[in-house]
Amino acid sequence: MIKRRIKALLKEILKSRFPEFAELTFEIEKPKRADHGDFSTNLALILQGKTGLKAREIAGIFLEELKKESLFQKIEIAGPGFINFWINSNFYRENLKVILKEKEKYGSLDIGKGRRVHIEFVSANPTGPLHIGHGRGAAYGDALSRILKFAGYEVFKEYYINDRGTQMNILGASVYLRAKELSGEKIAFPEDYYQGEYIKDIAKEALKLYPNLLSLEEEKAIELCRDLAIKMILDDIRNDLENFRVHYDNWYSERSLYERGLVEKVLNLIKERGYIYEKEGALWFKSSLFGDEKDRVVRKASGEWTYFASDIAYHYEKFVKRKYDFAINLWGADHHGYVARLKGALKALDIEENRLQVLLIQMVNLIEGGELKSMSTRRGEYVELKELIREVGVDAVRFIFLSRSHDSPLDFDVELAKKQSQENPVYYVQYAHARVCSLKEKAKERGYNLEEIYEADLTKLSEPEEIEILKKLSEFSDVIELSALGFAPYKIVYYLLELASLFHEYYNKYKIIGEDKELSLARLSLSEGCRMVINNGLRLLGVSSPEKM
RNA sequence: GCCCCUGUAGCUCAGCAGGAUAGAGCGCGAGAUUCCUAAUCUCGAGGUCGCAGGUUCGAAUCCUGCCAGGGGCGCCA
């Protein structure tokens, strides 16, 4: 927030004094050391290389122009030519008033300018329950959606259901075989079929729903089993996600692409452009022309369309028919080989490839008792998301999943996550929130009118820790911006930990509610500001803000 | 072999659109509660930023090569 203001001021001067470099990019940063000011810029150092003037000389020019700004308490030229700024602390006090006024809107931005963003995440095949890897994608996609919305984008969340294709047929056949087995038939269950116990539950249900299932023609029976399995598994997935506080705007069926003939239509478009050819009975897309390492099959010799073909049609629709400005896909890192071919297809359709952002989510390693657990849906070996949530709780699971960038692998230590203690960071942040709530209760008991908090005389806040907290609060919107532009919810996680830490220190050192009523009100006001910002941050992560702990 | 991600304190990780003397949490050691929630706080020990070059006034950050770990290279999804 202040950063943007300083940058704007500097740009103005740049425009008038160095018009040829009006578009120069430079940094406003928060120095590590306090004696380098609240903010500093390398502007003069960068300009030095471009103009041949000495950096400190250039800095002097800016200094003259900035002197009169009331935002600054002091400006200094330091070292090789840094300009260091000290902000007038009244500015920070004013900002607290802004927080108290804007409440849950504080920190929101309009950098999205209402642009429409489509975000697709999880999209797990309905072949089995969600496991913890899906959970990471779910938490990430949901938090990112909330953050982008807060930053001024119009966000649409979608789950793409792969409800046709080879895997679905294997799923149907798996259920059918289990149904046979249940009715006493001796069967051999192939290795590449779905092994999980849930298949038997679905088989049981199938026999209940269709008592004559086994006397039907096999193809028909498998189809019934398949559709029932998809429905039951999808219900389970939907249920898990709801419990995980993840809600979609739409669930999109792959099958519907075919029912509307869209796949054929879009592939024809590509064919008309000459990028489709036939070889060995299959249809190939010339993705190698668009940066992929080789060409890819869109329709197998068997006549069946590949998953890739559906995806081309789906994305064509996202951009051309549904007209989203951007689309974000969250995929497991094991799909990375897929990115080039999909982007290639977009290029072939004259769709700007940067409108699609694919975020690859790295693996989750589940650690239990120091042991690494491996997972495979096919083998029926995995830790289910619902199990993890039941053991650990939604707040802790989400917080931990969101504490890393999507491209870092994540070690999830179940025992640590379950601990309701200092080792578990989520409670550290929540505890700060609960503490403020408790303070307000205490104040009420002592006869304070809580409305007065909003009118407090903030000049009473002058302890270094108080100024420190005020500064931190003013950084919130900068964090939102970084988090939104970098698709990085973890930046909010770190910010909240820092803010909570400052508040806990402050709370331990100073009496918030004391003898001096004016001072107490000012401190309550500061505490309430912390609470609101923590609440806003946690809400963006989809983590609750408890009033009592 | 090729492609992507990762390598920073004992452990888990920030910092990486170059910037001034490398940070946090956990763990470890020592302490704090007659007082607003101790799920808190204070102090301490702990580092060749994987290795080697290069670019630069300046590199944990950018480039190249190498090493190590993970993932991917199907008419699978």
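Nucleotides G65(B) and G1(B) are separated by 14 Å at their P atoms, to the nearest Å. U61(B) and G18(B): their P atoms are spaced 13 Å apart (whole Å). Taking the P atoms as reference points, C66(B) lies 27 Å from G19(B), given to the whole Å. Of the C1' atoms belonging to A60(B) and A20(B), the separation is 15 Å, rounded to the nearest Å. When the C1' atom is compared between C49(B) and U33(B), the two are found 40 Å apart, to the nearest whole Å. When the P atom is compared between C11(B) and G74(B), the two are found 37 Å apart, to the nearest whole Å. Distance noted for atom C1' between A22(B) and G46(B): 14 Å (whole Å).
Relative orientation of the W284(A) and Y277(A) rings is parallel, given thresholds of 30° and 60° on the angle between their planes. The aromatic rings of Y193(A) and F189(A) sit perpendicular to each other, their planes meeting at more than 60°, with 30° as the lower class boundary. Relative ring orientation between F285(A) and F290(A) is described as parallel, the plane-to-plane angle staying below 30° on a 0-90° scale split at 30° and 60°. Note: Y490(A) and Y494(A) have perpendicular aromatic rings, judged against thresholds of 30 and 60 degrees for the angle between ring planes.
Taking only side-chain nitrogens and oxygens, Y427(A) never comes nearer than 4.0 Å to OP1 or OP2 of A39(B). Checking the phosphate oxygens (OP1, OP2) of G74(B), no side-chain nitrogen or oxygen of R296(A) falls inside 4.0 Å. One finds no side-chain N or O of S403(A) lying less than 4.0 angstrom from the OP1 or OP2 phosphate oxygen of G25(B). Under 4.0 angstrom from either OP1 or OP2 of C41(B) there lies at least one side-chain N or O belonging to Y428(A). Within the structure, every side-chain polar atom (N or O) of K294(A) is placed at least 4.0 Å from both OP1 and OP2 of C2(B). Dashed line: the shortest gap from a side-chain N or O of K491(A) to OP1 or OP2 of G15(B) is under 4.0 Å. The side chain of T306(A) places no N or O atom within less than 4.0 Å of a non-bridging phosphate oxygen (OP1 or OP2) of C75(B).
With a cut-off of 3.5 Å on both pairing distances, the Watson-Crick or G-U wobble partner of G7(B) is C67(B). Base pairing annotation: C36(B) forms no Watson-Crick or G-U wobble pair, as no partner gives both donor-acceptor distances under 3.5 Å. Shown here, G27(B) forms no base pair; nothing in the strands shown gives a Watson-Crick or G-U wobble contact with both key distances under 3.5 Å. When both pairing distances are held under 3.5 Å, C75(B) makes no Watson-Crick or G-U pair with any nucleotide shown. When Watson-Crick and G-U wobble pairs are counted only if both distances are under 3.5 Å, U55(B) pairs with no nucleotide at all. With a cut-off of 3.5 Å on both pairing distances, A60(B) has no Watson-Crick or G-U wobble partner at all.
For the pair H36(A) and A20(B), the ring geometry qualifies as stacking, because the centroid separation is below 5.5 Å while the planes lie within an angle under 30°. The ring of F82(A) lies on top of the base of A20(B), close enough and flat enough: under 5.5 Å between centres, under 30° between planes. Taking the 5.5 Å centre cut-off and the 30° plane limit, the aromatic side chain of H504(A) is not classed as stacked on A39(B).
Side chains of T166(A) and K300(A): a donor-acceptor N/O pair is present below 3.5 angstrom, by distance only. A donor-acceptor pair shorter than 3.5 Å cannot be found between the side chains of Y252(A) and S123(A). In summary, the side chains of T127(A) and Q167(A) do not present any donor paired with an acceptor at a separation below 3.5 Å, with no hydrogens or angles considered. Judged by distance alone, the side chains of Y314(A) and E158(A) do bring a donor and an acceptor atom under 3.5 Å apart.
Of the candidates C13(B), G71(B), C75(B), the closest approach to any side-chain atom of Y494(A) belongs to C13(B). Residue Y507(A) has its side chain nearest to C36(B) when only U6(B), C76(B), C36(B) are considered. Taking only side-chain atoms of N42(A), from C-beta outward, the nucleotide of A39(B), G19(B), C75(B) with the closest atom is G19(B). Nearest nucleotide to the T166(A) side chain, out of C5(B), C13(B), C76(B): C76(B). Closest to the K511(A) side chain, of the nucleotides C36(B), A39(B), C35(B), is C35(B). Of the candidates A20(B), G72(B), U40(B), G72(B) carries the atom nearest the D334(A) side chain, counting heavy atoms from C-beta on. Which of C75(B), U40(B), A77(B) sits closest to the side chain of A301(A) comes down to C75(B). Across C3(B), C75(B), A20(B), the shortest atom-to-atom separation from the side chain of H336(A) is found for C3(B). Nearest nucleotide to the side chain of Q167(A), out of C76(B), G19(B), A38(B): C76(B).
Across the protein-nucleic acid pair, E29(A) atom CD and U61(B) atom P stand 16 Å apart, rounded to whole Å. If you take CD of E304(A) and C1' of G74(B), they are 14 Å apart, rounded to a whole angstrom. For the pair L439(A) CG and U40(B) C1', the interatomic distance rounds to 13 Å; values are reported in whole Å. The interatomic distance linking L43(A) (CG) with G18(B) (C1') rounds to 16 Å, in whole Å. Rounded to whole Å, the distance from CD1 on I46(A) to P on A17(B) is 12 Å. Rounded to a whole Å, the CD atom of Q362(A) is 10 Å from the P atom of G71(B). Going from atom NZ of K509(A) over to atom C1' of U42(B) covers 10 Å, rounded to whole Å. Rounded to whole Å, the distance from CG on L360(A) to P on G70(B) is 19 Å.
Among the heavy atoms of the strands lying under 4.0 Å from A434(A) is at least one base atom, whether or not backbone atoms are also near. Within 4.0 Å of E293(A), counting heavy atoms only, lie sugar-phosphate atoms of the nucleic acid but no base atom. Using a 4.0 Å heavy-atom cutoff across all strands shown, L497(A) reaches no nucleic acid atom at all. At the heavy-atom level, E465(A) lies nowhere under 4.0 Å from the strands shown. Counting any heavy atom pair closer than 4.0 Å across all strands shown, S438(A) reaches a base atom. Nucleic acid contact for D311(A): none, since no nucleic acid atom lies under 4.0 Å from a heavy atom of the residue. Y510(A) comes within 4.0 angstrom of a base, heavy atoms only. Nucleic acid contact for S302(A): none, since no nucleic acid atom lies under 4.0 Å from a heavy atom of the residue.
RNA chain B is contacted by both Y338(A) and Y490(A); Y490(A) maps to the nucleotide lying nearer its 5′ end (nearest heavy atom per residue). If you find the closest nucleotide of RNA chain B to P409(A) and to I513(A), the one lying nearer the 5' end belongs to P409(A).
In this model, a side-chain donor or acceptor of S40(A) finds a partner on the base of A20(B) within 3.5 Å.
Figure legend: cation-pi geometry between R435(A) and Y507(A), with NZ or CZ positioned under 6.0 Å from the six-membered ring centre and within 45° of its axis. For the pair K440(A) and Y448(A), the NZ or CZ position fails the cation-pi test of under 6.0 Å to the six-membered ring centre and within 45 degrees of the ring normal.
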